[in-house]
Asks: 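Attaching a single structure in structure tokens format; questions to follow.
Atoms within a ligand are numbered from 1 in the order they appear, just like the ligands themselves.
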Amino acid sequence: MYWMSQVLVKDLNKIGNTVIIVEHDEEIMKAAHHIIDMGPMAGKNGGHVVFEGNHTELEKEKDSITAKYLKGIEQIDIPTKRRKWKNYIEINNAKLHNLKNISVKFPLNTLTVVTGVSGSGKSSLVKGCLYPAVKKHVDAVKHDGKFAGSLEGKFDKLEEVDMVDQNPIGRSSRSNPVTYIKAFDDIRDLYASLPASKVNGFKSGHFSFNTSGGRCENCQGEGMVTVEMQFMSDIKLQCEECKGKRYNEDVLEVVFNEKNIADILDMTVDEAMDFFWQFPTCEKIVNKIKPLQDVGMGYVHLGQSSSTLSGGEAQRIKLASYIAMGEKAKNRLFIFDEPTTGLHFHDVKKLLSAFSALIDQGHSIIVIEHHPDVIKCADWLIDLGPDGGKKGGNIVFEGIPEDLASAKKSHTAKFVLEKLGVGV
Ligand SMILES: Nc1ncnc2c1ncn2[C@@H]1O[C@H](COP(=O)(O)OP(=O)(O)OP(=O)(O)O)[C@@H](O)[C@H]1O
Ligand SMILES: [Mg+2]
Ligand SMILES: [Zn+2]
């Protein structure tokens with residue numbers, strides 16, 4: 001995959017074109033003539049040009065996180081132990097698309113990574129066969145308690161299956177990180193319990209921007225109004241009535257330690273943690289917001305509309321919402337198709353620790369990935385191929401990453417073993 005894109009880019013360049021790529025891939029960065037590194041961090045803490053120049057110069061740059069990863073000062077560690085498994089789901093005689101009548105065990109309560117070259121059959125197996133079968137099973141169990149279909153294995157505890165794509169939490173401008181994670185309910189209750197609210201008769205609903213009562217009616221609590229343009233796409237402007245604050249003046253006068261509800265929505269996750277942490281009565285709020293920080297979203301504003309979040313950010317918010325549920329969450333199988341697309345090494349590290357947190361809570365994760373750092377962290381690998389199309393669709397390898405050395409036909413083996421520091 002990587003070499004293919006590099007060859008393509010070099011060819012485009014040779015025939016006189018200028019190529020600009022937004023990319024995190026190490027090999028592509030090495031091949032670039034000129035690199036522009038943005039940051040230093042994400043969101044509010046980014047937005048600066050940290051570095052401009054070539055790859056060798058970038059490695060000397062002290063402030064660049066990219067440079068730290070390239071030099072190995074910061075790195076994604078190889079796990080010291082691979083999780084062992086007993087529970088699994090077995091798919092038998094899968095023939096969809098190019099799959100060659102294969103039978104595969106997918107371990108549960110682990111991080112399982114499905115690898116293989118493009119066209120080898122990964123999506124066909126996982127999204128085309130495994131997901132619908134498991135979904136049918138859990139729905140049937142929910143419906144009449146009966147086991148459905150021809151799935152085999154040991155998976156009686158599994159209650160839900162979830163396919164997490166790049167748009168997992170919806171694109172509504174009315175939802176945002178703090179509502180998605182359900183911490184806003186507790187924040188609204190807190191505001192409704194203040195003396196100023198009691199005097200004015202404000203209930204929890206008055207602090208919602210989604211229902212009338214306390215919100216600004218001019219923008220219906222969005223803080224922005226949409227202006228339709230005749231020959232262009234619509235534009236959004238700050239609401240003149242509330243100046244983007246979303247609420248009416250009476251509600252904004254209710255303050256908790258000098259902050260009104262709009263100030264809270266304007267805080268980043270990190271700022272909100274620092275703020276609420278001081279008050280013992282806010283423990284529930286802190287516990288709900290913390291997972292957002294844990295998955296590396298400390299820089300996101302609590303009230304930032306979901307429609308503006310990147311695919312990777314939205315995925316991590318979804319994971320954070322399950323981490324926040326803790327023991328209460330149903331036993332789930334999460335399936336991802338290339339979740340690291342568009343993520344920096346630094347974000348990949350956060351994503352991997354979110355995976356670990358979920359597995360520790362009893363969930364299971366199956367990921368289709370090309371990213372070497374994710375593959376090297378797998379508890380179990382399923383490698384498909386050996387090649388794409390007709391020449392693919394076979395199981396080339398099943399096992400722990402270290403055992404790839406025995407998989408002579410696997411295109412995955414060489415680069416993963418290199419990452420693991422095992423020569424071939
Ligand atoms: N709906 C379809 N109808 C017919 N053939 C298909 C269909 N979807 C995929 N294929 C073929 O099946 C083979 C496996 O495709 P699949 O999408 O499973 O590969 P993949 O391993 O997920 O690849 P990638 O890494 O590019 O996502 C390919 O040769 C593909 O062209
Ligand atoms: Mg695919
Ligand atoms: Zn308004």
Asks: Would you confirm whether T308, through its side chain, and S305, through its main-chain N or O, come within 3.5 Å as a donor-acceptor pair?
Replies: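 Here the side-chain-to-backbone pair exists.
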Asks: Are any of the side-chain heavy atoms of I366 and F334 separated by less than 4.5 Å?
Replies: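 No, their side chains stay 4.5 Å or more apart.
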Asks: Between ligand 1 and V117, can you find any atom pair, the residue atom being a heavy atom, that is separated by under 4.0 Å?
Replies: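 V117: in contact with ligand 1 (<4.0 Å).
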Asks: Please check: side-chain N/O of H206 versus main-chain N/O of G213, any donor-acceptor pairing under 3.5 Å?
Replies: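 No, the answer is negative, given that no donor and acceptor are paired below the 3.5 Å cut-off.
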Asks: Near H370, which atoms of ligand 1 are under 4.0 Å from a heavy atom of that residue?
Replies: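 The atoms of ligand 1 under 4.0 Å from a heavy atom of H370 are 25 (O).
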Asks: So which protein heavy atom does atom 29 (O) of ligand 1 come closest to, and at what separation?
Replies: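 Answer for atom 29 (O) of ligand 1: G389 CA, 3.1 Å.
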Asks: Quick check on G388 - does any of its heavy atoms sit under 4.0 Å from an atom of ligand 1?
Replies: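 No, that is not the case, since the closest heavy atom of the residue is not under 4.0 Å from the ligand.
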Asks: Tell me, please, whether F209 has R246 positioned over its six-membered ring: NZ or CZ under 6.0 Å from the ring centre and within 45 degrees of its axis?
Replies: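 Relative to the ring axis of F209, which defines the angle, R246 lies inside both limits.
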Asks: Measure the distances from the heavy atoms of G119 to every atom of ligand 1 and state whether one is below 4.0 angstrom.
Replies: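 So G119 counts as touching ligand 1.
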Asks: Identify the protein heavy atom lying closest to atom 15 (O) of ligand 1, giving its residue, its atom name and the separation to 0.1 Å.
Replies: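 Checking every protein heavy atom, the shortest distance to atom 15 (O) of ligand 1 gives S124 OG, 3.7 Å.
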Asks: May I ask you to decide if G392's main-chain N or O and K100's side chain share a donor-acceptor pair within less than 3.5 Å?
Replies: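 Looks like yes, one N/O pair under 3.5 Å.
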Asks: Looking only at atom types and distance, does a side-chain atom of K243 sit under 3.5 Å from a main-chain N or O of E240, one as donor and one as acceptor?
Replies: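 Checked: pair present.
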Asks: Using only atom types and a distance under 3.5 Å, with no angle test, would you say the side chain of Q315 pairs donor to acceptor with the backbone of D165?
Replies: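 Present.
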Asks: Which of the atoms of ligand 1 are close to S120, meaning less than 4.0 Å from one of its heavy atoms?
Replies: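 Per the distance check, 19 (O), 21 (O).
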Asks: For the NZ atom on K419, are there more than 12 heavy atoms of other groups (residues, nucleotides or ligands in this structure) within a distance under 6.0 Å?
Replies: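 It does: K419 NZ has more than 12 such atoms within range.
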Asks: Between Q278 and F275, is there a donor-acceptor pair closer than 3.5 Å when you use the side chain of the first and the backbone of the second?
Replies: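 Checked: pair present.
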Asks: Looking only at protein heavy atoms, which one is nearest to atom 25 (O) of ligand 1, and how far off is it?
Replies: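 Answer for atom 25 (O) of ligand 1: K122 NZ, 2.7 Å.
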Asks: Nearest protein heavy atom to atom 17 (O) of ligand 1, by residue and atom, and its distance?
Replies: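 For this ligand atom, the closest protein heavy atom is S123 CB, 3.8 Å.
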Asks: For atom 22 (O) of ligand 1, is there a protein heavy atom at a distance under 4.0 Å?
Replies: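 Yes, there is one.
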Asks: Have a look at the Zn ion (ligand 3) and estimate, to 10 degrees, the angle subtended by SG (C239) and SG (C242).
Replies: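 About 110°, to the nearest ten degrees.
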Asks: Has S118 got an N, O or S atom lying less than 2.8 Å from the Mg ion (ligand 2)?
Replies: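 Here the distance criterion (N, O or S atom, under 2.8 Å) is not met by S118, so no.
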Asks: Would atom 9 (C) of ligand 1 count as contacted, meaning some protein heavy atom under 4.0 Å?
Replies: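 Yes, at least one protein heavy atom sits under 4.0 Å from atom 9 (C) of ligand 1.
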Asks: To check your reading of the model: name the closest protein heavy atom to atom 26 (O) of ligand 1, its residue, and the distance in Å.
Replies: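 The answer is S118 OG, 2.6 Å.
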Asks: Heavy atoms only: which of K127, H97, K390 lies closest to atom 12 (O) of ligand 1?
Replies: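 Residue with the shortest heavy-atom distance to the ligand atom: H97.
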Asks: When you measure from the side chain of D379 to the backbone of L111, do you find a donor-acceptor pair of N or O atoms at a distance under 3.5 Å?
Replies: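 Yes: the side chain of D379 pairs with the backbone of L111.
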